[in-house]
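Step one of this worksheet: look at the structure below.
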Amino acid sequence: MLAEIKGLNEECGVFGIWGHPEAAQITYYGLHSLQHRGQEGAGIVTTDGEKLTSMKGLGLINEVFSNGKLNELSGKAAIGHVRYATAGGGGYENVQPLHFKSHSGSLALAHNGNLVNANQLKHQLEAQGSIFQTTSDTEVLAHLIRRSGYKDMKEAVKSALTVIKGAYAFLIMTETEMMVALDPNGLRPLSIGVLGDAYVIASETCAFDVVGARYERDVQPGELLIINDEGIRSERFSMNINRSICSMEYIYFSRPDSNIDGINVHTARKNLGKRLAVESEVDADVVTGVPDSSISAAIGFAELTGIPYELGLIKNRYVGRTFIQPSQSLREQGVKMKLSAVRGVVEGKRVVMVDDSIVRGTTSRRIVTMLREAGAKEVHVRISSPPIANPCFYGIDTSTHEELIASNHSVEEIRQLIGADSLAFLSVEGLLEGIGRPYEGEFKGQCLACFTGRYPTEIYPDTVLPHEKA
């Protein structure tokens with residue numbers, strides 16, 4: 001469903017390219033394809049081999065780089081970022097890439113994820129004399145790099161990466177090279193592509209299709225890539241690997257035309273819908289999905305059950321972003337502005353409404369009401385993921401236990417609260433089987449923390465949730 005009205009938001013998307021004369025322009029189009037990962041701010045930093053040039057701003061990528069501003073960025077390489085600014089974590093200073101200047105050279109950072117020990121490290125660094133310019137945990141890495149004691153940038157970065165913990169897909173650029181790092185759990189997706197003689201890095205493979213790059217492979221957990229005019233080389237900064245990619249990338253965040261670790265997102269979502277149908281089939285007349293991320297699961301549910309799939313809900317694509325407010329009090333109005341039920345499809349019908357998740361329940365309740373007002377005789381809600389009962393500390397705004405409806409209510413209580421005739425969630429086993437990652441172990445290389453409460457990393461007492469950043 002729509003992140004702006006749902007309260008489920010990814011932190012950001014990153015894109016980088018090395019060795020292309022139109023690096024800024026390519027990065028612009030790459031970020032445009034990743035716009036779904038963040039709509040509150042965007043930025044690009046380029047290098048011509050001698051200096052870094054940066055430009056960033058609040059808003060969508062086409063708003064930030066309007067009126068020919070992109071032409072001011074020249075160079076053979078660039079890194080870019082689109083950001084979702086969680087409540088309290090917005091502001092121009094937090095828009096990335098972050099650009100730092102010093103007598104020994106400049107440094108730019110773009111980060112997707114959230115560091116669970118950022119508070120602890122900030123306190124230590126401040127006690128040693130560091131002064132932070134932002135409230136972003138990304139800045140911690142810059143200070144650690146500068147304070148590592150290593151003159152060689154690669155060794156300085158490696159040293160810093162061994163100190164931070166949590167979820168991170170980092171793009172790090174100096175005047176003469178770009179480095180790429182993925183945390184030892186691989187919590188965020190990150191891939192490598194080739195465009196002519198240039199190397200391309202992106203949060204999702206859909207960006208490669210847009211810019212005409214060829215997908216090469218995924219960046220591996222604990223891997224550090226060094227890219228410069230001499231080519232690309234791979235090293236390890238950690239051997240303590242525990243594959244735990246965020247399950248919500250497959251369920252909700254990533255675009256359906258992206259592939260994550262060789263698995264197409266649309267196909268995975270269809271399989272989740274099929275598994276959901278096996279686990280919770282219901283007598284109904286039509287199946288409809290909540291646009292956009294639930295469409296694939298709804299199609300899978302319909303295929304397996306034989307119940308016709310119909311466009312029972314339509315998204316209004318022309319509502320300005322100014323109408324969608326992050327505050328809880330305005331979420332319901334946001335649903336009305338963004339979605340409408342198709343009376344000619346649902347009137348007098350028993351409707352299966354497939355959605356990818358329920359966070360607070362506000363949106364689900366409004367959509368169920370909307371379908372009933374359009375004449376639906378029955379509304380059966382099917383969710384293509386297990387109940388989200390635990391907060392995420394890795395860069396997704398899934399609130400606190402108090403705000404998560406599944407943390408405080410049973411499935412039957414949730415059904416009553418949203419007004420559905422029946423409600424069923426996909427099981428954890430069904431989720432793992434539907435996505436089908438080919439790894440050994442109980443969780444098949446996926447993070448299931450928001451469903452199970454079992455986190456793949458240590459969680460520190462002062463860990464700041466993404467939505468609590470000041």
Side-chain angles (χ1 to χ4, degrees), residues 1-3 5-9 247-248 251-252 272-273 275-284 287-290 293-294 297-298 301 312-313 326-336 339 341 346 350-374 376-393 396-432 434 448-455 465 467:
M1 233 201 106
L2 302 169
I5 61 177
K6 190 170 191 174
L8 186 63
N9 295 287
S247 294
M248 294 305 294
I251 296 166
Y252 171 70
L272 295 180
R275 288 297 312 168
L276 182 62
V278 169
E279 294 181 5
S280 57
E281 190 172 358
V282 62
D283 288 332
V287 176
T288 191
V290 180
S293 55
S294 306
F301 191 101
L313 292 164
S327 64
Q328 177 72 17
S329 62
L330 292 179
R331 289 184 192 280
E332 198 160 314
Q333 183 62 34
V335 178
K336 295 177 184 177
L339 292 174
V346 304
R350 298 170 298 171
V351 179
V352 179
M353 182 195 96
V354 178
D355 204 354
D356 50 70
S357 56
I358 295 179
V359 182
R360 296 175 179 86
T362 305
T363 300
S364 299
R365 182 176 67 249
R366 178 56 199 163
I367 297 174
V368 170
T369 301
M370 194 183 299
L371 288 167
R372 292 198 190 281
E373 289 174 348
K377 185 163 62 175
E378 297 175 6
V379 180
H380 301 276
V381 177
R382 295 294 180 268
I383 305 299
S384 60
S385 66
I388 296 176
N390 302 279
C392 175
F393 298 94
I396 296 174
D397 184 13
T398 48
S399 305
T400 62
H401 279 102
E402 290 72 27
E403 292 180 278
L404 296 171
I405 193 170
S407 184
N408 303 285
H409 298 281
S410 67
V411 173
E412 171 57 22
E413 288 171 338
I414 297 172
R415 181 197 69 77
Q416 294 177 20
L417 287 168
I418 67 174
D421 290 282
S422 71
L423 169 66
F425 292 84
L426 184 65
S427 67
V428 169
E429 295 74 22
L431 173 68
L432 295 174
L448 303 169
C450 58
F451 310 126
T452 65
R454 296 172 63 180
Y455 296 91
L465 287 166
H467 70 285

- Task: Identify the heavy atoms of Val354 and Ala297 that sit nearest to each other, and give their distance.
- Result: CG1-CB, 4.0 Å
- Item | Leu423: which of Leu417, Val368, Val411 passes side-chain contact (heavy atoms from CB on, under 4.5 Å) | Val411
- Item | Flag for Ser294-Asp355: side-chain donor and acceptor within less than 3.5 Å | yes
- Message: Quick check: do Leu432 and Leu448 have side-chain heavy atoms less than 4.5 Å from each other?
- Response: yes
- Item | Side-chain heavy-atom pair Met248, Ser357 within 4.5 angstrom cut-off | yes
- Query: What pair of heavy atoms forms the shortest contact from Ala341 to Leu371, and how long is it?
  - Reply: CB-CD2, 4.1 Å
- Message: Could you tell me if the side chain of Val381 sits less than 4.5 Å from the side chain of Ser364, heavy atoms only?
- Response: no
- Indicate whether the side chain of Arg382 and that of Ser422 have a donor and an acceptor atom separated by less than 3.5 Å. yes
- Message: Are the side chains of Tyr455 and Pro391 in contact, using a 4.5 Å heavy-atom criterion?
- Response: yes
- Message: Using every non-hydrogen atom in the two residues, find where Pro386 and Leu431 come nearest and quote the distance to one decimal.
- Response: CD-CD2, 3.9 Å
- Message: On a heavy-atom basis, which atom in Asp356 and which in Ile251 lie closest, and how many Å separate them?
- Response: O-CG2, 3.7 Å
- Message: Quick one, Val346 and Thr288 - any side-chain contact, counting heavy atoms below 4.5 Å?
- Response: no
- Query: So how far is it from Arg275 CZ to Ser427 OG, rounded to the nearest 0.5 Å?
  - Reply: 6.5 Å
- To the nearest 0.5 Å, tell me how far Met370 CE sits from Arg365 CZ. 12.0 Å
- Message: Taking Val379's backbone N and O only, do any of them form a donor-acceptor pair with Asp421's side chain (distance below 3.5 Å, no angle check)?
- Response: yes
- Message: Just verifying a value: how many Å separate Leu404 CG and His409 NE2, rounded to the nearest 0.5 Å?
- Response: 11.0 Å
- Message: Could you report the tightest heavy-atom contact between Phe451 and Ile388, atom names first, then the distance?
- Response: CE2-CG1, 3.7 Å
- Calculate, to the nearest 0.5 Å, the distance between atoms CG and CD1 belonging to Leu426 and Ile383 respectively. 10.5 Å
- What are the two closest non-hydrogen atoms of Val287 and Ala298, and how far apart are they? CG1-O, 3.6 Å
- Query: Is there a donor-acceptor contact under 3.5 Å from the side chain of Asn408 to the main chain of Glu403?
  - Reply: no
- Message: Taking the side chain as everything from C-beta on, heavy atoms only, tell me whether His401 gets closer than 4.5 Å to Asn390.
- Response: yes
- About how many Å separate CG of Leu339 and CZ of Arg366, when rounded to the nearest 0.5 Å? 10.0 Å
